[in-house]
Every structure is written in C-alpha cells, then in structure tokens.
Amino acid sequence: MAESAFQLVSEIGTQLGRQTRSGKDSLLKLLKQAANALSEIEQPSTSEAARKLEAIKNLEVSTKPLRKAIVHGLLQHKDKEVRLLVAICISEIFRVMAPEPPFEDKYLRDIFKLIVSIFAELADTASPHFSRRVKILETIARCKCCVIMLDIDCNDLVLETFNTFFSVVRENHQRSLINHIISIMTHIINEEASQTLLDVILRKLVKDGKGAPCASYQLAVSIIQNCAEKLEPFICGFLTNCILDRDAVENELKEFYHEIIFQIFQCAPQMLLAVIPNLTHELLTDQVDVRIKAVNLVGKLFALPKRHVAQHYRDLFLEFLKRFSDKSVEVRVSALQCVKAFYMASPFGTESHEVITALEDRLLDFDDKVRTQAVIVACDLARSNLKFVPPKLISQTSERLRDKKIIVRKKAFHKLIEVYRDYCNKCSEGHMTISDHFEQIPCKILMLCFDKDCKEFRSQNMELVLAEDLFPVLLSVAERTRHWIHLFSLFTPLHVKALNSVLSQKRRLQKEMQSYLALREKEKETSSEEMQKRIKTSFMKMAALFPDPSKAEDSFHKLNQMKDNNVFNSLALLLDELKIADAQTIRDKFLKTVGDRHPHFEFLSSLSSKCSHNIFGSEHIQCILEHLSDNRYGTKLLEASSAKLLLAIISIFPSLLRGSEAQLRMLIEENRKINDKLIEVLAKAAPHISVKLSDIYPILERVCREGSRIEAKFSVAAIAAFGGVSEQFIFSKLCKDLVVSLHAGQNIPTVLQSLGCVAQYSVSAFEAQDGEITSYIYEKIFRVDSSDNINSYNDASGCTSSCKLKIYGLKTLVKRFLPHRGTHARRQIDELLDILSNMLQKGDAFDGIITCENDKAHMRLAAAKSVLQLSRRWDLHISPEIFRFTILVAKDSSLFVRRLFLDKMHKLLKEHVIPSRYACAFALGTSDCPKDLQDDSFKYMAEFIKEYSREARIRQSSSVQGGAITDYPAYIVVFLIYFLAHDTGFPSENCPEEEIYAQFCSPLFNLLEALVNATVVDGDMDLVNDALLLLLSIFRAIKKAEDVVDARNTPRLHIIADFGFSFLKSLNHNDASSAHAPALILLPSSFFRAYSGCLNQSPFNDCFIKKPITALPKRGRKCQEDNTKLAIIESNTLYLASSEKVDLSTTEVETRKNMRQDITVGHRQKQGVSSESVRLRECSINHQHSASKKSKRVLEKEPLSSCDSVTRLSLAESHISVQTLERDALSLKENVRASSNVVSDPPKYSKAEAKDTCSLNITYDSGEVEVLSLESESWETISNSLLVEREVVLAESNSFQLQHRGLKGTIGTSGGAAATQQQKVLPSEECGKLSNRTDLLPAKVKRGRKASKDTSASEVINLHEDAVAKRTRRKKI
C-alpha cells in the first residue's frame, strides 16, 4: 500500500510538473489525488537505522516531483481551492518528512505565507472547506513546523500568525481546534519568546478583557498560562519599568499596565510575585492620578475571590488602608469604591473587618463628597448581604441622616430607604427576622421632620415617605404592622413627637377638607362674602400643609372653580373611607378618571393622597388588637410597644377604632399590664365609637377602685368622655363609692388618684364629698408617723408606704384646684398653701409628725412639684416665702431630689405651663452640685434662655400681642437676687474673704454669663444686647428698691446687685453701660418696694466688689471671653452715661401735659389684700450717639407681674399738684378695681435736660399718693386713706434717649421748684431719721401672702385655658 502511494505521489508530481497551463479541474483532481495519497503515507517508524534511512530516501524520491511542482508554480496560484489543496499537500509533506524540512529555505517563506493565509479562513465555520483548513491546522500543530519560521528569520510571519490566530478564534470553535492554535503559539514562544509577541498577547488581553470574556481573550490567557516561565521576565520587566518610571517606557501598552497587571494576576499570579510589592510605590507617589489608579488596581486585586491577596501582601494592604485617609478627596473616594467587592470576596476575614472600620471612619470624613460616597458604599454593601452586614455600619450610616450637608442627608435618605425596603422583603419572605439595627433606619428618617434646612424632609413630605416610600408596595398590612410595632419599641419621645407631627398635619388637612366640602355645599344654596372669606381661610390653612404653600393655595382656588362634582365626591369618599385597601382603590379610580393629562393632575394626586388613610388604617388597628389577643409577642416590651402604637394612632385618628370595639373591651376585661394604655385608647376614641357608657362603666368603675393609679386616671377620663348629659350623676355616684372605699382602706393610692381626677372633671361631684375626703387625708394620712410603717419600705420609690400615701394625698388636694374644661373652682387655697409651706420647710404637713430623713426629702420634692403645678393658675397666690422654699429644693440635701426637681422644672418650662421665674432654680443647680447635675443645669438654663429669648423678641415685635420686659429670660435675675438675699448662707458683713462671696454668688454669675453668651442664642447679638441692657437696668433698679418681706435684707439686695453689675463689667472689657437700657423696670411688689431709707453707699468699696469676680473659678469665663467677649462690643459701643447736672425749669402746665394716665384694662383674677408693683424708671443723660443700631432696642412695653398687680407706665415728676395726683390716683383706683391687666403706651416727654435728681411717686388704689423727692430724702403724705393697692414708680431725673428699632425719642423729667436750686446733700444723721419714719409706709403683709383675710374664696374662671400655656398671652414671671 505504501509503495503504491509512493508511486502515485511521484506520478502526480511528475504530471503536475509537466502541465504548465492545465485547467483548474484537472489540477484540482490531481491535487486531491496527491493529498489522499500523502495521507496514506506514514512516517518511517522502523527502529533499524539502515531501514529508516532507506525509507526516508524513498520518501524524498517519491515526493520530490510534487515538491518541485509546488515551489515552481502552485504556490503562486490564485485560485482558493487550488491553494487550499496545495496547503494540504504541503502540510502532509511536512508530516511525513518531519523532523527535517521538506523544502529549501528559500521557498519556506512563501510556503508558510500560504499556510498562514489558510489559517486566516478559519473564522468561516460555515464554509465547505472548513474541515480541510482544520486538518491543515492540526497537521501543522502536530509536526511543530511553525518553529521553522524562527530559524529562517521570518519573525514578521510569526507575528502575522499570532495576529491571525487572535482574529479568527471564535467561541463556537471546537475545543480541539483551539488547542491546536494554542499548541502552535506555545511552541513558537517556548522556542523564542520576544517582547513583540508579548505585546500582541497583552494587547488582546487588555482590549478583549474589558467586556465579557471572548475567545481571543481566553486564547491570550491560555498562552500566558502555558508560557508563564518564558514570558515572566518580559512581563516583570515591562510592568516594573511602568511602575517605577512610566515615562521612560517606549511602549504604547504602558497606558494600560494596571489593567495588564490585573488580568495577568487573575490567570497567572505567580508571574507577578516581583511586581505586586512595587505597587506600594504608586500608593505613596505624589501624583494623585497615579495613586487613584493604584488604589483601583489594588482594590480589584484584593477583591479577587479565593486569592487572599491582602493576606499574602500584608504591607501592600496596610498601605492601601491608609489611602482611606489620603489627603486627596479623589483618592479617598476611589478607596471607598473598592470596599464592597473587597468585603464580598471574604466577609469574615480580618482584613475585611479592617476595611469596614475604614469605611465607618469615612462616614465622618470632613469632605461631603467622601461622606456621600461612604453612604453609597455602605448601603450597597448592606443590600448585597443583608444577613451579614455589620450592625454598627448600618447604625453609623443612619447617622448621616443628620449630616450638616443637605446633599449627604438626601443621599443617605434615598439609599437607606432602599436598604430598608429590601430588608422588609427579606423579612416577609422568611429569610430574615426583624432586627433593631435595620429598624433604626425609619427611626432616624422620622427625625428628619425636625430638619429645617431641607424642604424634602419636612412633615408635609414625610407623610408621603411613610405612606408610599418606606415599605415595599406589595408588603401586606400585617407585615407593616409588625415593623411598626417593633419601631415603637425603639421610639424615644422625640420619635413619637415627629410621628405625631406628621399624623397631626394629615388629620388637620382632612378636617379642614371636610369643612371646605361642607362650605361648598352651603355656598351652592347661599353665597355670601363671608362664605368666600371662610373658604379662602380654609384654603390658606390647607395650603400650609403642602410643601409649596403658595402654589397649593393657587391650586385650591382653581379646584374651587371646577364644576365637576365627581372630583369632590371622590375626595369626600376618601375622607370617609377608613380601610387602606379600599381607600387606595378609590384613589386609583379617581386618578384614572382625572387622567394624567389633566392640568391639575399632580395637585389632585397629592391632595387625594393626603385625604386618604394611607399611613394607618382600620386594618392596622385590627392587626394590633389581634396580636395582643393572640399574645403573639414573646416579650413584654413588644406588648407594651403595641399598646403605644395603638394609642398613637387613635390619638390622631380615633375613628379608626370603629369595628374593633369588642376586641378592645375584651382586652381591657383581661386586666393586662397594658390596661392603662388600652383604657386611654378608649378615652380618646369615646366620642367616635359606638359604645354605650352603661356597657363599659362597670369595668371602668372597678378599675377606679382596684386598678393601678395610672389606670384609674384614664378610667375617669374615659367616663368623662362617655358621660354626656348624665356625667354629673355618674361622677356623683362614683365619688360616693370611692369615699366608701377610702374609709374601708381598700387600695387607697388608686382611690386617691380617682378622687383627684374626679375633682378635675366634676367640681360639683367632688365638692359634695370635699369635707369628708379632706378630713380623711389630713387625719388618716398626713398625721401618720413614718415610724408606724418603718418596715413597709418601698424599694421602687425609695420611701416608706406612709410617705407614698402622703404624696398621693397631697396630689389629690392639689388637683382640686386644677379642674379641667373651664370648670369653676371656688375653694380656699390658703390652707393648702400652708401645708405646702410646712412640707417645704419641715418635710411634713404638720408639726410633731415623726418622719425619717428620706421621707422628708420625698415630701419636699412632692411639695415643690405641687407648687409648680399650682403656679399654672394660682401663681398670684403663691407668696415669696413659698416661692423661695420651692426654689430651695434645687439645693436640697438629697441629690436625688435635686435631680428630679430640676428635670421636672425643665419639662414644665419647655411646655410653657409654669411661670418663667422658676427657671432661676437652674442657676442654683450650676453650683455646689455633682458635675453631671451641674452640666444638666447649665444645659437646661441654656435651653431656657435660647427659647424664651426668641419668643420674647417675637412677642415684643408683634403688633397684636405686644411684649413686656418680664418676658425676657434676663428678668429671672430679679428673683434669683431675692432668693440669694434671703439665703441663710449669706456671708456676714465682716467676712473679708472674697472667695466666700464668689462661691455664694456663683449661681448669679453663672446665670449672667449664660444670658450674655452669644453662643447660647446661636450668635444672635440682638438678643445678647437686649439681655445686657436689661440686666444693667435691673441692677440699678434693685439698688433703689427695698425688700418687702424683710427690710433688713435690703442691704443684701444692694450688695448682690453690685456684684452682678461688677461681674457684667468684668466680662465687658470695653465698659458697656446702661445708657440705652430700658427706662422702666417693673419689680414684683410682693418682693420689692421703693426704698424708703436713705440711699446710702454700699458697705463695700468698689475694690472689694471686684475681688469676688477675680476669685471666680474659670468654668466658662474663658470660653465666654473668647467666643463673645460679650460680643456686644463687636457690633456697637456702649458708653457710661455721665451725671452731668443741667438746670431745667418746667411749668406745671407742661408737666400736666406731658404726664399720661392712659390705662388699658384687661382680665385678671381677683385678690383681696393689698398688692403692689414697684416700677423703677431709669433716666440717664446720653452723651454718645455712636452706638450701633443693634443695641438701640428699648424693652419698654407693659410687663405683667406674676406675683402681684399690674400697673401702668408713668414717669414721676417732682412738680405735681396735689389735686392732679389725687385725681389721677382715683382714676387709677377705678381702673384697677375693674381689672389688673393694665397696659399703657410709653409716655411722651419734652426734649429737655434734667437736673440729676430722683423722685418717688406712690399711688394707692384708694387715692392716697406719697411723693418722695430723692433730692431732699423726705416723704410727703397726701392722703391717709386705707391702703388697698399702690403703684410705686422710681425715676432718675436724667434725660435719656429712647431708642427702639429705629424709634427714637428724648425723654426728660422736670425737677419742679427744686430743679432751680442746687442739689442738697443731707447729713447721715438726718438720713437715719428719715429711714426710721415707718409710719408712712404700708404695713407688711404677713409672710408676703396677698390673699385677703376677708375673702372667702378665690375664683378661677375658664380654667381649661392656662394663662401661661397660651403663647398668645403674656407669660407670668
């Protein structure tokens, strides 16, 4: 067979050599025969050398004609088929004659060129000749003949071969074909590797590796893997040069060397062992773009799964970590972008933990771009692996919702919403359980309601977030309820407040919309101008609840013009529908009917959403009640949070309880620990549900007797809500039953609570049993020694059971005077105030009661809290003595009592339900207390000053409300000075140590420092200026006042005022003065009166007055000086007014003309005994006009005394006729009898300069007027009628410039006849005589109390409205 094949090949070769111009067909036929014959010939395989040599010779002889024909003509043939068959013959000849080249070197180039051209056709897999081309490839690969190209220096052909293979390889090629290509290329590289061939491979690696891996990329990877050893030196050299000196590398691939490193590392990481460490050089380079690329590359290397690159290259990893804190923002951002992939590659590795820590640090980066990127990365990381994401990371990412930059807050908001929605889906599918760190996300989002900088986060928009964005659209109501319940277990009071804000706005719009729809129906019948005004007002109210009020109001007006009743009918249906699913159906149908092409579609979409119950519906209520009934929650915490959620919803949307009344009643009957909340829910929803009082009363009555105190409180409220017309009868019956239980000693704490609540809801029902209840409390509770119950110590409260009963009894007595709903309380409060006074001083209601010290402390606290509660409506009856003892609790010997008292006061002041004068207790808490309590006191004081200062300024500038000096926080200094003057620890006059005075006055100094600290009021210098000027006037006024309760304390008042004035001057290095200070200071007449003695100098000289200031501890002083240095000096300069004496003559007619007696009468409570208001008007000569306009505000509107009567503003003049004074006093008497809220405009004065004199004008309600000229220090009695009410006005006869926000007026006083004379200075002995003339002064009221002895009752009218709680009224001090 072989011989015949040899012969055939030889014959064909001879024929081909003869046919120079043969036809194609004959040529093809011969070539095919030759190819077939060659395929049958095998290589000589004999082991005998002689035979093998003979066989090779035979082979050469047989193929010689064919080889000769190929090289002399067939190689140049143009026909593809001919060329293909020639290539086949050549490949076979190479095969049979291997390993020796069958052709001479001069022909090999053309031969390999033909073969490469055949390889170029391998991409055409559909060609009928594809199999023949594959056969050629296979033959060439097996005989490894391509390496011959290297021997004959055909490097260009080698390069072309490589490029050809990369271009023709396809994904659909058989694996065997690809293996043949790889074999050829590998043989060539292994024979002779070069940078040129490497560039071809790397180019394909980079170019085709960016997208989805293709065949050419895979081919390059295979070549690199197969030839790693040969290529490594070239690769390492090239890459190292690029890393160390890229500019010196002359290779276009240097621009892609990072990508080359990454690609090679994936397929042959061992090749880069010497390269990877060099990347540290790039991480440390000064070129930002290089560091960015290096960070991106290293990050991708570390993210390769199962490679553990960070572990193997620890030094590189540590340097990579440092790039998270790189000085370049772009580098830090690039590092953050690598985190997710890094963490996902090895979530439990040590390195991953370090990277997460670096990510957490970047959440606090100083650049907002970095923080934004950190938020994005953290949220994306969380979404990719919700189960294993670190809780701390979620928590810290949530904190970015409070970022100072709006852009960061917005990005955090949107990304965290996505995370929470994914988390809810996972929980719903059962893949995750509810966890706190994810539930914190909506908690933090809800707090954005308090964000005033960004409109997107306001309550108007937050409603849409809670309704549509927070939860996945398809999440069921039951699942949403589960999350809401867990949320409430994490809620703080601020969270509840935020949610209430959103829900309340929604409810207000719904109510207003219902009112509008009703008005619209009425308008159809009777249209009027009044109706149009009401509709317009309704639109304004509703528009305010939209993100853009002006646009919304315009849309409402356009809506009102629409004639399509279907729109309004649909809105009415939405308002009435309580189920979320049904409401959504109605809304979808409504919007579909309107159509998205409607000009007002967007507004109607928003309006319909707000009208719908889409946050909470009746389904939520049913789910909550079902969960409580089934006891699905294993912890009491979730049960309690379920009740809180239920209460929060029903408080805003009480109608949602409809249909679930039976379930709620069953839960209450089970007497659970959450009954207090359930009963409160019942009380809130009572007017809106179909439950009869007769059905529920037995349960509520039982709770009033047998339940807890809190349950009893809400039970009485529920009875009142259900009561209706039969309320009085029901309460009378309940009160009688409770008295029976009281005498029987059954659950006394709860019974006392119920009685107190009954007293607040039904005064008449309680008054019928008042005597019996009061007597029982006095005899059976208050007069019990604590030693009788010494063994019944209450661990929870920290006091004995008898002490607790006394406190409960006291609360019941107090509640009698605080009725609800405008009920009239006609009771004598003196007796209760006496008990409170005794408790505050001695720790018990009556003398002779044996009480342990711990119980006394609790009783003092209870009494102080009671005074605070009573001050809401009975502040005019609280004497200075009781006020002082109440404030003294801030310095109680028990730190526990101090803490609770200050916390309670802070809460009440924040709610604006008590007079602001009690805030001076915070100043006491800033000294002589543990550090934590001091810090809280400073914080409470700062919050009080900030909030009340701004409100006072708003009230001051309001043309409707008006304002008063007493509205300003600085006015509480008046009461603090009074308290300190009466302190038993006041240093003796002979005390020479300034440290003692400094320590004693430290509460005053701390308060003054806070009042003039600009940082407390967010840098508002106007408020600082107001406070400073008011304080200066207060100190000067007190220097001219006398202690009403105990005149012996008057010198103390003056000394403390001196210290305060000196302290302010020590803070103000530029010598601020009172030149522009308020001219009128109204002091409470229960505390102060015009000084009746000689105005002596202070017993201490100026030098000593300044010493305690220098002895002060440094807390806050340096901060104050650095931050503000009173800050007032930076914007304006205050100059000390001189006391220059100028003659001034004024006629009596001018005096009468300038004296204004206008009085505006308001409402006030009745009071009997003499009450007085001391007003100190300070007049000074203003010689400087360079002060800034900021400091020109004069707080001179009529103030309201919290302790006594309110009198009008007037300027005392020394030249006034007796008839004028008597007439004016009688006029004042008539007006004061009508009412005590007296308001007057500031008087007008002539522009004249006054002599430096002062006069004192005391006007009594009966018409008695006392005029004291401070120049002559003498009193003149005009009338000796019975004292009922008096007005004291103290004024310096200096001219001053009245400046108030651009309003200027020069005010002066006339000195009368004495003004034309020289000032006389009385000798000290005469002053002493004058000071002893006490017969002209009114008798001191016992204990400072103003309640009349002949007045049987004090009436409180419309008690439902707390005077101090209403922001539209003036606050008490």
Side-chain angles (χ1 to χ4, degrees), residues 339-340 343-344 347-348 352-353 356-357 359-360 363 371 374-403 408-449 457 462 465-492 494-496 498-499 502 615-616 620 623-624 627 632-635 637-638 640-642 644-645 648:
V339 170
K340 178 183 175 182
Y343 184 81
M344 294 303 297
F348 305 108
S352 293
H353 175 73
I356 292 299
T357 301
L359 171 60
E360 292 170 353
L363 287 168
R371 296 197 303 275
V375 166
I376 295 172
V377 171
C379 291
D380 290 344
L381 180 61
R383 294 184 67 189
S384 64
N385 197 353
L386 287 170
K387 283 187 176 182
F388 302 109
V389 64
K392 183 181 177 182
L393 179 61
I394 294 297
S395 177
Q396 293 191 354
T397 306
S398 301
E399 288 297 322
R400 289 307 91 216
L401 291 168
R402 300 168 54 202
D403 196 275
V408 181
R409 298 202 296 272
K410 286 184 177 180
K411 180 57 68 174
F413 171 77
H414 293 297
K415 297 299 293 186
L416 286 169
I417 284 285
E418 295 176 359
V419 172
Y420 188 75
R421 289 165 68 95
D422 289 352
Y423 156 75
C424 289
N425 282 328
K426 293 289 184 182
C427 291
S428 176
E429 295 166 1
H431 299 310
M432 290 184 65
T433 58
I434 292 180
S435 57
D436 288 355
H437 59 279
F438 282 108
E439 295 298 341
Q440 284 288 354
I441 293 176
C443 291
K444 300 287 178 60
I445 288 175
L446 202 55
M447 293 299 288
L448 291 175
C449 289
F457 300 145
M462 198 56 65
V465 172
L466 297 180
E468 300 180 8
D469 297 336
L470 184 61
F471 297 105
V473 176
L474 301 179
L475 196 67
S476 65
V477 173
E479 281 296 317
R480 297 187 185 204
T481 304
R482 283 182 60 214
H483 288 285
W484 275 114
I485 290 172
H486 204 94
L487 280 174
F488 257 75
S489 69
L490 305 175
F491 271 13
T492 64
L494 280 178
H495 292 113
V496 177
L499 179 62
V502 175
I615 300 179
F616 294 112
H620 287 88
C623 287
I624 296 172
H627 289 170
R632 296 180 185 177
Y633 303 116
T635 64
L637 178 65
L638 290 181
S641 62
S642 299
K644 290 178 182 178
L645 173 60

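Just so you know, residue 1 is the first one in the sequence shown, and it goes up from there.
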Are any side-chain N or O atoms of Tyr343 and backbone N or O atoms of Val389, one a donor and one an acceptor, separated by less than 3.5 Å?
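Pair absent, no side-chain N/O of Tyr343 close to backbone of Val389.
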Where the side chain of Ser398 meets the backbone of Ile394, is there a donor-acceptor pair that is under 3.5 Å apart?
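Pair found, side chain donor or acceptor close to backbone of Ile394.
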Are Leu363 and Leu393 close enough, and set up right, to give a side-chain contact (heavy atoms from CB on, under 4.5 Å), and what steps lead you there?
CA-CA 9 Å; Leu363 287 168; Leu393 179 61; 4.2 Å; yes
CA sep, side-chain torsions, deciding dist, call: Leu494, Leu446, side-chain contact (heavy atoms from CB on, under 4.5 Å)
CA-CA 9 Å; Leu494 280 178; Leu446 202 55; over 6 Å; no
For the residue pair His627 and Ile485, what are the closest heavy atoms and their distance?
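Reported closest heavy-atom pair: ND1-CD1, 3.7 Å.
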Which heavy atom in Val477 sits nearest to a heavy atom in Cys623, and how many Å separate them?
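What the structure gives for the nearest pair is CG1-SG, 4.3 Å.
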What do you reckon, is NE2 of His353 surrounded by more than 12 foreign heavy atoms closer than 6.0 Å?
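Atom NE2 in His353 is not crowded, with 12 or fewer foreign heavy atoms closer than 6.0 Å.
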Of Arg371, Lys392, Arg400, which is the lone residue that meets salt bridge (charged side-chain N to carboxylate O under 4.0 Å, His left out) with Glu360?
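Filter result, single survivor: Lys392.
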Quick one, [X] and [Y] - any side-chain contact, counting heavy atoms below 4.5 Å?
X	Y	result
Ile434	Glu439	yes
Phe413	Val465	yes
Phe616	Ile624	no
Val473	Glu468	no
Leu448	Lys410	no
Leu638	Ser641	yes
Ile441	Thr397	no

Between Leu499 and Leu466, does a side-chain contact (heavy atoms from CB on, under 4.5 Å) hold up when you go through it step by step?
CA-CA 10 Å; Leu499 179 62; Leu466 297 180; 3.9 Å; yes
How far does [atom1] of [X] sit from [atom2] of [Y], to the nearest 0.5 angstrom?
X	Y	atom1	atom2	answer
Glu479	Cys427	CD	SG	7.5 Å
Leu490	His437	CG	NE2	11.5 Å
Lys411	Cys379	NZ	SG	9.5 Å
Gln440	Tyr420	CD	OH	11.0 Å
Lys444	Leu416	NZ	CG	9.0 Å
Leu487	Leu645	CG	CG	9.0 Å

With side-chain contact (heavy atoms from CB on, under 4.5 Å) as the criterion, how do Met344 and Asn385 come out once you've worked through the C-alpha distance, each side chain's angles and the decisive distance to 0.1 Å?
CA-CA 8 Å; Met344 294 303 297; Asn385 197 353; 4.1 Å; yes
Which label fits Phe471 and His483: parallel for a plane angle under 30°, tilted from 30 to 60°, or perpendicular past 60°?
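Tilted, since the angle between the ring planes falls between 30° and 60°.
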What is the ring orientation for His495 with Phe491, classed by angle as parallel under 30°, tilted 30 to 60°, or perpendicular over 60°?
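It falls in the parallel class, under 30°.
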For Lys415, is there an ion pair with Glu418 - N to carboxylate O distance below 4.0 angstrom?
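Salt bridge flag = yes for Lys415 with Glu418.
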Decide, yes or no, whether a salt bridge links Asp422 with Arg383 under the criterion of side-chain N to carboxylate O below 4.0 Å.
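Yes, this pair counts.
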Is the distance between the ring centroids of Phe438 and His486 less than 6.0 Å?
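When the ring centroids of Phe438 and His486 are compared, they turn out to be at least 6.0 Å apart.
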